Amino acid sequence: MIQSIEQLCDLVELSPDDLPIAFDTDFPFKVPKHFANQIEKGNPNDPLLKQILPGLAENEIYPGFSPDPVGDLAANPHPSLIHKYHGRALLIASPRCDIHCRYCFRRHFPYEQAKQQHWQAALESIAQDPSIKEVILSGGDPMSLSENALIALINDIEAIPHVDTLRIHSRTPIVAPHKANRPQLLKTLQQSRLQKVLVVHCNHANELTSESAELMQQFRQSDVLLLNQTVLLKDINDSANALIALSKKLFSQGILPYYCHLLDKVSGAGHFEIKNAQAWAIFEQMRQTLPGYLVPRFVEEIAGEPYKTLLTDPSSQGIKPTT
Ligand SMILES: *Cc1c(COP(=O)(O)O)cnc(C)c1O
Ligand code: SF4
(Lines give C-alpha, C1' and ligand atoms only; values in the text may rest on other atoms or scores of the structure.)
(Ligands and ions follow the chains in the order given, each with its own letter.)
Protein backbone atom coordinates (compact mmCIF):
# COMPACT_ATOMS: atom_id res chain seq x y z
CA MET A 1 0.00 0.00 0.00
CA ILE A 2 1.23 3.50 -0.79
CA GLN A 3 1.30 5.40 2.51
CA SER A 4 0.76 8.97 1.40
CA ILE A 5 0.19 11.28 -1.54
CA GLU A 6 3.79 12.44 -1.16
CA GLN A 7 5.05 8.88 -1.50
CA LEU A 8 2.93 8.43 -4.61
CA CYS A 9 4.30 11.64 -6.11
CA ASP A 10 7.84 10.38 -5.47
CA LEU A 11 7.06 7.10 -7.15
CA VAL A 12 5.53 8.69 -10.25
CA GLU A 13 8.19 11.41 -10.36
CA LEU A 14 5.86 14.38 -10.09
CA SER A 15 6.02 17.29 -7.71
CA PRO A 16 2.94 17.74 -5.51
CA ASP A 17 3.33 21.48 -6.06
CA ASP A 18 2.54 21.05 -9.76
CA LEU A 19 -0.67 19.06 -9.21
CA PRO A 20 -4.15 20.30 -8.15
CA ILE A 21 -4.21 18.04 -5.08
CA ALA A 22 -6.89 18.16 -2.38
CA PHE A 23 -5.03 16.92 0.69
CA ASP A 24 -7.95 17.16 3.04
CA THR A 25 -10.99 15.20 1.83
CA ASP A 26 -13.74 13.14 3.52
CA PHE A 27 -12.92 10.25 1.19
CA PRO A 28 -9.27 9.53 1.94
CA PHE A 29 -6.55 8.79 -0.58
CA LYS A 30 -5.84 5.06 -0.93
CA VAL A 31 -3.94 3.13 -3.58
CA PRO A 32 -2.15 -0.24 -3.64
CA LYS A 33 1.45 -0.40 -4.83
CA HIS A 34 0.61 -2.63 -7.78
CA PHE A 35 -1.82 -0.10 -9.26
CA ALA A 36 0.56 2.80 -8.57
CA ASN A 37 3.34 0.95 -10.37
CA GLN A 38 1.32 1.00 -13.60
CA ILE A 39 1.17 4.82 -13.61
CA GLU A 40 3.46 6.38 -16.19
CA LYS A 41 6.25 8.38 -14.59
CA GLY A 42 6.29 12.12 -15.10
CA ASN A 43 2.81 12.24 -16.65
CA PRO A 44 0.34 14.36 -14.65
CA ASN A 45 -2.41 13.30 -17.08
CA ASP A 46 -1.91 9.57 -16.71
CA PRO A 47 -5.32 7.82 -16.89
CA LEU A 48 -4.62 5.71 -13.81
CA LEU A 49 -3.26 8.58 -11.74
CA LYS A 50 -6.41 10.59 -12.43
CA GLN A 51 -8.59 7.84 -10.96
CA ILE A 52 -6.96 7.94 -7.54
CA LEU A 53 -5.42 11.35 -6.92
CA PRO A 54 -7.76 13.53 -4.82
CA GLY A 55 -8.21 16.70 -6.88
CA LEU A 56 -9.36 20.19 -6.05
CA ALA A 57 -12.12 19.72 -8.65
CA GLU A 58 -13.86 17.47 -6.12
CA ASN A 59 -14.85 20.56 -4.18
CA GLU A 60 -16.72 22.07 -7.12
CA ILE A 61 -20.50 21.97 -7.02
CA TYR A 62 -22.25 20.49 -10.06
CA PRO A 63 -26.03 20.78 -10.44
CA GLY A 64 -27.75 17.40 -10.27
CA PHE A 65 -24.93 15.73 -8.33
CA SER A 66 -25.88 14.46 -4.87
CA PRO A 67 -24.55 12.21 -2.09
CA ASP A 68 -26.90 9.29 -2.98
CA PRO A 69 -27.50 9.40 -6.74
CA VAL A 70 -28.76 5.82 -7.16
CA GLY A 71 -31.14 5.88 -4.21
CA ASP A 72 -29.41 3.11 -2.24
CA LEU A 73 -29.43 5.04 1.00
CA ALA A 74 -33.06 5.97 0.69
CA ALA A 75 -34.05 2.37 -0.07
CA ASN A 76 -31.93 0.75 2.61
CA PRO A 77 -31.78 2.04 6.14
CA HIS A 78 -29.63 -1.05 6.96
CA PRO A 79 -27.56 -1.26 3.84
CA SER A 80 -26.06 -4.74 4.09
CA LEU A 81 -28.58 -6.18 1.60
CA ILE A 82 -29.78 -4.23 -1.41
CA HIS A 83 -32.60 -5.96 -3.22
CA LYS A 84 -33.57 -3.64 -6.04
CA TYR A 85 -33.67 -5.98 -9.04
CA HIS A 86 -35.71 -9.12 -9.65
CA GLY A 87 -34.03 -12.42 -8.86
CA ARG A 88 -30.78 -11.01 -7.53
CA ALA A 89 -29.80 -9.39 -4.29
CA LEU A 90 -26.65 -7.47 -3.55
CA LEU A 91 -24.93 -8.09 -0.26
CA ILE A 92 -22.48 -5.51 1.06
CA ALA A 93 -19.87 -8.05 2.10
CA SER A 94 -17.25 -5.56 3.23
CA PRO A 95 -17.24 -1.86 3.96
CA ARG A 96 -13.65 -1.51 2.70
CA CYS A 97 -11.89 -1.29 -0.64
CA ASP A 98 -8.23 -1.78 -1.50
CA ILE A 99 -8.31 1.38 -3.58
CA HIS A 100 -10.30 4.58 -3.38
CA CYS A 101 -11.57 5.60 -6.80
CA ARG A 102 -12.33 9.30 -6.80
CA TYR A 103 -15.49 8.88 -8.95
CA CYS A 104 -17.00 6.23 -6.64
CA PHE A 105 -20.76 6.52 -6.20
CA ARG A 106 -20.40 4.98 -2.75
CA ARG A 107 -17.99 7.64 -1.52
CA HIS A 108 -20.67 8.97 0.86
CA PHE A 109 -22.09 5.57 1.81
CA PRO A 110 -22.38 4.91 5.57
CA TYR A 111 -20.24 1.78 5.43
CA GLU A 112 -19.87 1.59 9.21
CA GLN A 113 -23.47 0.38 9.31
CA ALA A 114 -22.69 -2.58 7.06
CA LYS A 115 -20.59 -4.54 9.49
CA GLN A 116 -20.17 -8.27 9.38
CA GLN A 117 -22.79 -8.92 12.07
CA HIS A 118 -25.48 -7.81 9.63
CA TRP A 119 -24.73 -10.75 7.34
CA GLN A 120 -26.87 -13.04 9.43
CA ALA A 121 -29.92 -10.85 8.93
CA ALA A 122 -29.11 -10.48 5.23
CA LEU A 123 -28.70 -14.25 4.78
CA GLU A 124 -31.98 -14.84 6.59
CA SER A 125 -33.88 -12.52 4.30
CA ILE A 126 -32.34 -14.24 1.27
CA ALA A 127 -33.34 -17.63 2.71
CA GLN A 128 -36.91 -16.40 3.17
CA ASP A 129 -37.28 -15.12 -0.38
CA PRO A 130 -37.29 -17.94 -2.96
CA SER A 131 -37.34 -15.38 -5.77
CA ILE A 132 -33.67 -14.61 -5.09
CA LYS A 133 -31.63 -16.92 -7.33
CA GLU A 134 -28.41 -14.95 -7.45
CA VAL A 135 -26.45 -13.38 -4.61
CA ILE A 136 -24.03 -10.64 -5.56
CA LEU A 137 -21.18 -9.97 -3.14
CA SER A 138 -20.29 -6.33 -3.40
CA GLY A 139 -19.12 -3.54 -1.17
CA GLY A 140 -16.88 -1.82 -0.75
CA ASP A 141 -14.98 -4.79 -2.04
CA PRO A 142 -15.64 -8.39 -0.91
CA MET A 143 -12.00 -9.27 -1.58
CA SER A 144 -10.97 -6.90 1.19
CA LEU A 145 -12.34 -9.54 3.59
CA SER A 146 -10.03 -12.20 4.95
CA GLU A 147 -9.96 -15.42 2.94
CA ASN A 148 -11.65 -17.32 5.77
CA ALA A 149 -14.46 -14.81 6.20
CA LEU A 150 -15.16 -14.83 2.47
CA ILE A 151 -15.19 -18.62 2.31
CA ALA A 152 -17.54 -18.80 5.31
CA LEU A 153 -19.90 -16.37 3.64
CA ILE A 154 -19.86 -18.33 0.38
CA ASN A 155 -20.61 -21.54 2.26
CA ASP A 156 -23.57 -19.88 3.98
CA ILE A 157 -24.92 -18.73 0.63
CA GLU A 158 -24.45 -22.16 -0.91
CA ALA A 159 -26.52 -23.63 1.91
CA ILE A 160 -29.61 -21.70 0.75
CA PRO A 161 -31.26 -24.17 -1.65
CA HIS A 162 -32.98 -21.71 -4.00
CA VAL A 163 -29.80 -19.74 -4.70
CA ASP A 164 -28.10 -21.05 -7.84
CA THR A 165 -25.62 -18.31 -8.73
CA LEU A 166 -22.89 -16.52 -6.84
CA ARG A 167 -21.51 -13.33 -8.26
CA ILE A 168 -18.55 -11.41 -6.87
CA HIS A 169 -18.04 -7.77 -7.79
CA SER A 170 -14.43 -6.84 -7.10
CA ARG A 171 -11.79 -4.38 -8.22
CA THR A 172 -9.06 -6.07 -6.15
CA PRO A 173 -8.07 -8.65 -8.83
CA ILE A 174 -7.14 -5.73 -11.09
CA VAL A 175 -5.58 -3.26 -8.66
CA ALA A 176 -3.87 -5.75 -6.30
CA PRO A 177 -3.87 -9.18 -8.02
CA HIS A 178 -1.56 -10.83 -5.47
CA LYS A 179 -4.15 -10.02 -2.79
CA ALA A 180 -6.95 -11.75 -4.70
CA ASN A 181 -4.87 -14.86 -5.34
CA ARG A 182 -6.17 -17.14 -2.60
CA PRO A 183 -5.78 -20.89 -3.07
CA GLN A 184 -8.49 -21.90 -0.59
CA LEU A 185 -10.99 -19.47 -2.03
CA LEU A 186 -10.28 -20.73 -5.55
CA LYS A 187 -10.78 -24.28 -4.35
CA THR A 188 -14.06 -23.38 -2.62
CA LEU A 189 -15.30 -21.78 -5.82
CA GLN A 190 -14.29 -24.73 -7.94
CA GLN A 191 -16.04 -27.23 -5.68
CA SER A 192 -19.19 -25.18 -5.22
CA ARG A 193 -22.48 -26.33 -6.78
CA LEU A 194 -23.22 -22.69 -7.61
CA GLN A 195 -22.65 -21.01 -10.96
CA LYS A 196 -19.84 -18.55 -10.39
CA VAL A 197 -19.30 -15.14 -11.91
CA LEU A 198 -16.54 -12.67 -11.13
CA VAL A 199 -17.20 -9.15 -12.35
CA VAL A 200 -13.97 -7.19 -12.14
CA HIS A 201 -13.76 -3.44 -12.52
CA CYS A 202 -11.17 -2.11 -14.91
CA ASN A 203 -11.30 1.24 -16.69
CA HIS A 204 -8.15 1.31 -18.80
CA ALA A 205 -5.95 -1.20 -20.61
CA ASN A 206 -2.92 -0.01 -18.61
CA GLU A 207 -4.50 -1.49 -15.48
CA LEU A 208 -4.12 -5.02 -16.84
CA THR A 209 -0.78 -6.71 -16.16
CA SER A 210 0.89 -10.10 -16.41
CA GLU A 211 -0.09 -10.59 -12.75
CA SER A 212 -3.77 -9.97 -13.47
CA ALA A 213 -3.55 -12.33 -16.46
CA GLU A 214 -2.14 -15.08 -14.28
CA LEU A 215 -4.84 -14.59 -11.66
CA MET A 216 -7.61 -14.64 -14.27
CA GLN A 217 -6.25 -17.92 -15.53
CA GLN A 218 -6.67 -19.33 -12.01
CA PHE A 219 -10.26 -18.15 -11.73
CA ARG A 220 -11.05 -19.68 -15.10
CA GLN A 221 -9.58 -22.97 -13.99
CA SER A 222 -11.99 -22.77 -11.04
CA ASP A 223 -14.97 -22.53 -13.44
CA VAL A 224 -15.59 -18.84 -12.81
CA LEU A 225 -17.03 -16.76 -15.64
CA LEU A 226 -15.09 -13.49 -15.98
CA LEU A 227 -16.77 -10.21 -16.84
CA ASN A 228 -15.71 -6.58 -16.54
CA GLN A 229 -17.43 -3.36 -15.71
CA THR A 230 -16.05 0.03 -16.60
CA VAL A 231 -17.03 3.53 -15.67
CA LEU A 232 -16.88 6.06 -18.49
CA LEU A 233 -14.63 8.83 -17.19
CA LYS A 234 -13.69 12.16 -18.71
CA ASP A 235 -10.04 12.44 -19.77
CA ILE A 236 -9.42 8.86 -18.59
CA ASN A 237 -11.16 6.49 -21.01
CA ASP A 238 -13.60 8.72 -22.92
CA SER A 239 -12.59 7.68 -26.42
CA ALA A 240 -13.41 4.75 -28.67
CA ASN A 241 -9.69 4.02 -29.01
CA ALA A 242 -9.16 3.71 -25.25
CA LEU A 243 -12.20 1.47 -24.78
CA ILE A 244 -11.43 -0.67 -27.84
CA ALA A 245 -7.92 -1.23 -26.49
CA LEU A 246 -9.45 -2.12 -23.11
CA SER A 247 -11.89 -4.64 -24.63
CA LYS A 248 -9.09 -6.33 -26.58
CA LYS A 249 -6.81 -6.56 -23.59
CA LEU A 250 -9.60 -7.85 -21.35
CA PHE A 251 -10.32 -10.55 -23.91
CA SER A 252 -6.65 -11.50 -24.03
CA GLN A 253 -6.95 -12.21 -20.29
CA GLY A 254 -10.17 -14.21 -20.66
CA ILE A 255 -12.52 -11.43 -19.53
CA LEU A 256 -15.55 -10.20 -21.48
CA PRO A 257 -16.73 -6.58 -21.26
CA TYR A 258 -20.12 -6.49 -19.51
CA TYR A 259 -21.13 -2.96 -18.59
CA CYS A 260 -19.82 0.48 -19.43
CA HIS A 261 -21.50 2.70 -16.84
CA LEU A 262 -22.29 6.31 -17.32
CA LEU A 263 -21.11 8.10 -14.23
CA ASP A 264 -23.45 8.08 -11.25
CA LYS A 265 -24.03 11.69 -10.33
CA VAL A 266 -22.38 11.64 -6.94
CA SER A 267 -21.25 14.93 -5.46
CA GLY A 268 -17.49 15.38 -5.75
CA ALA A 269 -17.29 13.59 -9.12
CA GLY A 270 -18.89 16.11 -11.50
CA HIS A 271 -15.61 16.74 -13.31
CA PHE A 272 -15.56 13.10 -14.52
CA GLU A 273 -18.88 13.32 -16.35
CA ILE A 274 -19.32 12.48 -20.04
CA LYS A 275 -22.44 13.69 -21.82
CA ASN A 276 -24.78 10.99 -23.14
CA ALA A 277 -24.34 12.15 -26.75
CA GLN A 278 -20.59 11.62 -26.53
CA ALA A 279 -21.05 8.26 -24.84
CA TRP A 280 -23.38 7.22 -27.66
CA ALA A 281 -20.82 8.27 -30.27
CA ILE A 282 -18.16 6.13 -28.54
CA PHE A 283 -20.56 3.18 -28.38
CA GLU A 284 -21.29 3.51 -32.12
CA GLN A 285 -17.59 3.53 -32.96
CA MET A 286 -17.01 0.46 -30.82
CA ARG A 287 -19.85 -1.39 -32.55
CA GLN A 288 -18.35 -0.57 -35.93
CA THR A 289 -14.96 -1.92 -34.94
CA LEU A 290 -15.39 -4.86 -32.59
CA PRO A 291 -17.24 -8.17 -32.56
CA GLY A 292 -20.45 -7.85 -30.56
CA TYR A 293 -19.09 -9.79 -27.61
CA LEU A 294 -16.38 -7.17 -27.08
CA VAL A 295 -18.82 -4.25 -26.98
CA PRO A 296 -20.03 -3.56 -23.43
CA ARG A 297 -23.61 -2.53 -22.73
CA PHE A 298 -23.63 1.21 -22.09
CA VAL A 299 -25.91 1.78 -19.12
CA GLU A 300 -26.95 4.33 -16.58
CA GLU A 301 -28.51 3.70 -13.23
CA ILE A 302 -31.68 5.65 -12.69
CA ALA A 303 -32.99 5.59 -9.11
CA GLY A 304 -36.21 3.58 -8.88
CA GLU A 305 -35.77 1.74 -12.23
CA PRO A 306 -35.94 -2.08 -12.01
CA TYR A 307 -32.74 -2.58 -14.06
CA LYS A 308 -29.79 -0.65 -15.36
CA THR A 309 -31.07 1.45 -18.22
CA LEU A 310 -29.51 0.99 -21.64
CA LEU A 311 -28.20 4.14 -23.24
CA THR A 312 -30.26 5.14 -26.28
CA ASP A 313 -29.41 7.33 -29.23
CA PRO A 314 -29.96 10.86 -27.88
CA SER A 315 -30.74 12.14 -31.37
CA SER A 316 -33.46 9.60 -32.15
CA GLN A 317 -37.09 10.70 -32.02
CA GLY A 318 -39.51 9.80 -29.27
CA ILE A 319 -36.80 9.04 -26.74
CA LYS A 320 -36.56 11.26 -23.72
CA PRO A 321 -34.03 14.00 -24.31
CA THR A 322 -30.76 13.42 -22.52
CA THR A 323 -28.10 15.92 -21.65
C1 LIG B 1 -26.12 -3.45 -10.65
C2 LIG B 1 -26.90 -4.05 -9.58
C3 LIG B 1 -27.29 -5.40 -9.65
C4 LIG B 1 -26.90 -6.29 -10.79
O5 LIG B 1 -27.52 -5.94 -11.97
P6 LIG B 1 -27.23 -6.80 -13.27
O7 LIG B 1 -27.89 -6.05 -14.36
O8 LIG B 1 -27.77 -8.16 -13.05
O9 LIG B 1 -25.74 -6.84 -13.43
C10 LIG B 1 -28.06 -5.91 -8.62
N11 LIG B 1 -28.43 -5.14 -7.57
C12 LIG B 1 -28.08 -3.85 -7.49
C13 LIG B 1 -28.53 -3.06 -6.32
C14 LIG B 1 -27.30 -3.26 -8.48
O15 LIG B 1 -26.94 -1.98 -8.36
S1 SF4 C 1 -13.32 -0.25 -5.83
FE2 SF4 C 1 -15.46 0.16 -6.41
S3 SF4 C 1 -16.55 0.52 -4.47
FE4 SF4 C 1 -14.33 0.70 -4.07
S5 SF4 C 1 -13.86 2.89 -4.29
FE6 SF4 C 1 -13.46 1.93 -6.29
S7 SF4 C 1 -15.40 2.17 -7.41
FE8 SF4 C 1 -15.84 2.51 -5.23
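Read the numbers this way: they start at 1 and go in the same order the structure lists the ligands and their atoms. Everything numeric in this text was worked out from a predicted model, so none of it was measured.
Geometrically, ligand 1 and K84 share no nitrogen or oxygen pair separated by less than 3.5 Å. For ligand 1, the polar-atom distance check finds an N/O of Y259 within less than 3.5 Å of one of the ligand's N/O atoms. Looking at R88 next to ligand 1, an N or O pair under 3.5 Å apart turns up.
Side-chain N/O atoms of S144 and S94 include a donor and acceptor closer than 3.5 Å. With 3.5 Å as the limit, one finds a donor-acceptor pair spanning the side chains of D141 and S170. Counting only N and O atoms by type, the side chains of R167 and H169 include a donor and acceptor under 3.5 Å apart. Under 3.5 Å, the side chains of Q253 and S212 contain a donor-acceptor pair of N or O atoms. With 3.5 Å as the limit, one finds no donor-acceptor pair spanning the side chains of Q195 and D164. Residues H271 and E60 have side chains that never bring a donor and an acceptor to within less than 3.5 angstrom of each other.
Of the protein's non-hydrogen atoms, the one nearest atom 14 (C) of ligand 1 is K308 NZ, 3.1 Å. Protein heavy atom at the shortest distance from atom 6 (P) of ligand 1 is Y258 OH, 3.4 Å. Nearest non-hydrogen protein atom to atom 12 (C) of ligand 1 is L90 CD1, 3.6 Å.
Only side-chain heavy atoms of I136 come within less than 4.0 Å of ligand 1; its backbone N, CA, C and O stay farther off.
Contact annotation: R167 has at least one heavy atom less than 4.0 Å from an atom of ligand 1. Within the 4.0 Å heavy-atom cutoff, H201 counts among the residues contacting ligand 2. A heavy-atom separation below 4.0 Å is not found between H83 and ligand 1. For the pair Y85 and ligand 1, a heavy-atom separation below 4.0 Å is found.
Applying side-chain contact (heavy atoms from CB on, under 4.5 Å) to T172 and the options M143, H178, H201 leaves one that passes, M143.
When the options S144, G139, C101 are ranked by their closest heavy atom to atom 5 (S) of ligand 2, first place goes to C101.
Set against the non-hydrogen atoms of I82, the atoms of ligand 1 under 4.0 Å away are 13 (C). Using a 4.0 Å cut-off to heavy atoms of R171, the atoms of ligand 2 that qualify are 1 (S). Counting atoms of ligand 2 from 1 in the listed order, those under 4.0 Å from a heavy atom of C97 are 1 (S), 3 (S), 4 (Fe), 5 (S).
By the neighbour-count criterion of 12 heavy atoms within 6.0 Å, atom CG of L310 is densely surrounded, having more than that number from other residues, nucleotides or ligands. Within 6.0 Å of atom OH in Y85, more than 12 heavy atoms from other residues, nucleotides or ligands are found, so the atom counts as buried in its surroundings.
Taking the ring centroids of Y293 and F251, they lie under the 6.0 Å cut-off.
Taking backbone and side chain together, C104 holds no N, O or S atom under 2.8 Å from atom 6 (Fe) of ligand 2.
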